[in-house]
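The structure under discussion appears below in the form of structure tokens.
Counting starts at 1 for both ligands and their atoms, following the listed order.
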Amino acid sequence: MLLIESQYGVVIHRDFKPLYADDNYAHYFGYESGENILSMASILPLIAPQEQQNAVESYQAVMSGKERPGVRTYRNIDNQGSELIVLSVDHVVDWEGQPAMQVTIIDLRHHVETQRQLRASEERYRALVDGSIQGILVHKNFRPLFCNEAYAQMQGFSNAQELMEHGSILPLIDMEHHPQAYSDNLQLLVGEKEAIKTEAKGVRTDGSTVWLSLLSRPIIWNGEQVVQVTAMDITEQQLLKERLEHRANFDGLTNLLNRRATMELLEKQFEFDKRNGNDMCCILIDFDDFKLINDCYGHHVGDQVLKLFGKTCKKSIRKSDFIGRWGGEEFVMVLPRTAIDQAAFIARRISKCISEQRVEVGEHTLSFTVSMGVAAMTENTTSAEQMINAADKALYQGKKQGKSCVVIAA
Ligand SMILES: Nc1nc2c(ncn2[C@@H]2O[C@H](COP(=O)(O)OP(=O)(O)OP(=O)(O)O)[C@@H](O)[C@H]2O)c(=O)[nH]1
């Protein structure tokens, strides 16, 4: 497909400040490696002085969306001061969350033939972007017209051809993102938007998830208005983000919501149920004589008991209910749309269930109990905190009454 025999060089820059340059690019200008280019404050001096203004204007026009990225010829200057004519293919890409210009150049000095090829710019575009370090896909209403190797690999294909054999790229987009994809596609095609930047979940050929940072723009392809997508694989960053989010909201030992996340959710639920006139209850749960468990069997057994408690509770509540770790061996269960009688019933059921659990420690079989305070959101309850305090008082009563019991707040 590519009629040009020479290799091409790639540089990515923002306002001509180099962000990435490969060695081929550096070689064109007489440097040893891309590192030499990266150490420059600007790559503008590599363009012949009489063409620099033109280059700056083109850059601004493309980045602001006034002009589409295109194929141009430039007079460049190498580090010996000699002029070289290059064919340059501009391409707006996403670089660390910001748009940047990717320029692919071919030295035209020895390739008179390439002048003729200038006219076949779309064909050349195909060949040049194949070497892009970012995934590039061109589609017309999700029918793939072109994709480079990088894009195909991100989606789990072994080569671009395999992806191109698919009639639609929609199955490669997670269902959840389909409405957004349709709407973005339409907005770009009717010219409502010049570019759309999104993060979307993709489906690899093996069914696994790939997270992509996408920059979509309308381009002309064989005379038709179509969409070009530049993609970066951000799966690792996304997984890290999810892990950090999980760590920020969940307790590491029991994998239940931590106190902060529980309170946040409880407050939201409280506001919702209050506004909608729904019932709502909370149960404060505290282990009985937990210190004894630690003292007799060791801290690790205490941990094991807490984990088992978390699992047991999660299994015994509805999807709309939630439970969080409030403190060391204290937990809060939130029951939206639940009246106090039902809540008391649930508390007793869980209390029984907990007391039936057994943990084997060597020759010993350990059992344990909890005390619970149950409170409802009444007409006079004005905050989630107030409801928790009421449950806490009831729990305190329970502890005084001899533990292993469920006490309903007055
Ligand atoms: N193993 C383990 N123990 C914990 C954890 N968090 C708190 N504890 C222990 O739980 C015990 C709680 O002791 P206390 O507050 O006296 O309560 P208790 O012994 O359950 O007594 P009552 O509440 O009156 O029934 C303390 O010994 C804490 O060290 C934890 O994550 N793992």
Side-chain angles (χ1 to χ4, degrees), residues 242-267 281-317 321-335 340 343-376 384-410:
E242 282 170 14
R243 268 206 298 279
L244 290 176
E245 269 169 15
H246 187 87
R247 228 179 272 170
N249 293 319
F250 288 84
D251 164 52
L253 179 71
T254 59
N255 209 24
L256 298 176
L257 290 167
N258 61 22
R259 184 177 178 129
R260 192 193 49 73
T262 308
M263 197 58 202
E264 218 172 278
L265 216 57
L266 170 60
E267 276 170 350
C281 285
C282 74
I283 308 175
L284 207 60
I285 309 167
D286 189 278
F287 268 83
D288 296 326
D289 303 314
F290 197 72
K291 192 170 175 313
L292 275 180
I293 298 179
N294 276 337
D295 292 349
C296 296
Y297 300 101
H299 210 266
H300 66 287
V301 174
D303 284 357
Q304 210 180 319
V305 169
L306 294 177
K307 275 193 207 171
L308 179 62
F309 168 82
K311 271 193 200 153
T312 312
C313 286
K314 265 202 224 161
K315 267 193 256 164
S316 357
I317 56 177
D321 303 335
F322 57 90
I323 176 165
R325 190 174 183 189
W326 200 242
E329 25 78 73
E330 197 173 16
F331 299 83
V332 172
M333 197 175 275
V334 179
L335 312 170
I340 190 78
F345 177 78
I346 293 168
R348 288 193 188 100
R349 194 189 68 212
I350 293 175
S351 168
K352 183 167 177 287
C353 187
I354 296 295
S355 65
E356 285 166 358
Q357 301 293 317
R358 298 288 179 267
V359 172
E360 304 293 334
V361 191
E363 298 161 0
H364 304 280
T365 301
L366 164 64
S367 64
F368 39 88
T369 61
V370 291
S371 296
M372 300 190 181
V374 187
E385 201 181 346
Q386 210 182 345
M387 188 169 57
I388 292 276
N389 287 341
D392 196 28
K393 271 194 195 140
L395 172 64
Y396 182 69
Q397 271 310 111
K399 291 278 180 183
K400 276 209 304 196
Q401 278 172 26
K403 308 182 182 177
S404 186
C405 59
V406 173
V407 176
I408 317 295

Protein residue, atom and distance nearest to [atom], heavy-atom basis:
atom: atom 18 (P) of ligand 1; answer: Phe290 N, 3.3 Å
atom: atom 29 (O) of ligand 1; answer: Asn294 ND2, 4.0 Å
atom: atom 22 (P) of ligand 1; answer: Lys399 NZ, 3.4 Å
atom: atom 32 (N) of ligand 1; answer: Asp303 OD1, 2.6 Å
atom: atom 21 (O) of ligand 1; answer: Asp289 N, 3.6 Å
atom: atom 19 (O) of ligand 1; answer: Lys291 N, 2.8 Å
atom: atom 6 (N) of ligand 1; answer: Gly328 CA, 3.2 Å

Worksheet item: Strictly under 4.0 Å, does any heavy atom of Arg325 approach an atom of ligand 1?
Response: yes

Discussion item. Between Ile388 and Leu266, is there a side-chain heavy-atom distance shorter than 4.5 Å?
Written reply: yes

Worksheet item: Any side-chain heavy atom of Thr369 sitting closer than 4.5 Å to one from Lys403?
Response: no

Discussion item. If you scan the protein for heavy atoms around atom 14 (P) of ligand 1, do you find one that is closer than 4.0 Å?
Written reply: no

Worksheet item: Does an N or O from Leu306, backbone or side chain, lie closer than 3.5 Å to an N or O of ligand 1?
Response: no

Worksheet entry | Geometric N/O contact Leu253 with ligand 1, under 3.5 angstrom | no

Just by modelled atom types, is the [Y] backbone N or O under 3.5 Å from a matching donor or acceptor in the [X] side chain?
X: Arg260; Y: Ala248; value: yes
X: Asn258; Y: Ala261; value: yes
X: Arg349; Y: Lys352; value: no
X: Asp321; Y: Ile317; value: no
X: Thr312; Y: Leu308; value: yes

Worksheet item: Do Ser371 and Asp286 get their side chains close enough for a donor-acceptor pair, meaning under 3.5 Å?
Response: no

Fill in: Distance-only polar pair, side chains of Ser404 and Asp288, donor-acceptor under 3.5 Å
no

For [X], atoms of ligand 1 separated by under 4.0 Å from a heavy atom:
X: Gly302; answer: 1 (N)
X: Lys403; answer: 22 (P), 24 (O), 25 (O)
X: Asp288; answer: 20 (O), 25 (O)
X: Asp286; answer: 23 (O)

Worksheet item: When the ring planes of Phe331 and Phe309 are compared, do they come out parallel, tilted or perpendicular, using 30° and 60° as the limits?
Response: tilted

Worksheet item: Which residue from Lys400, Glu329, Glu330 reaches closest to atom 17 (O) of ligand 1 through any of its heavy atoms?
Response: Glu329

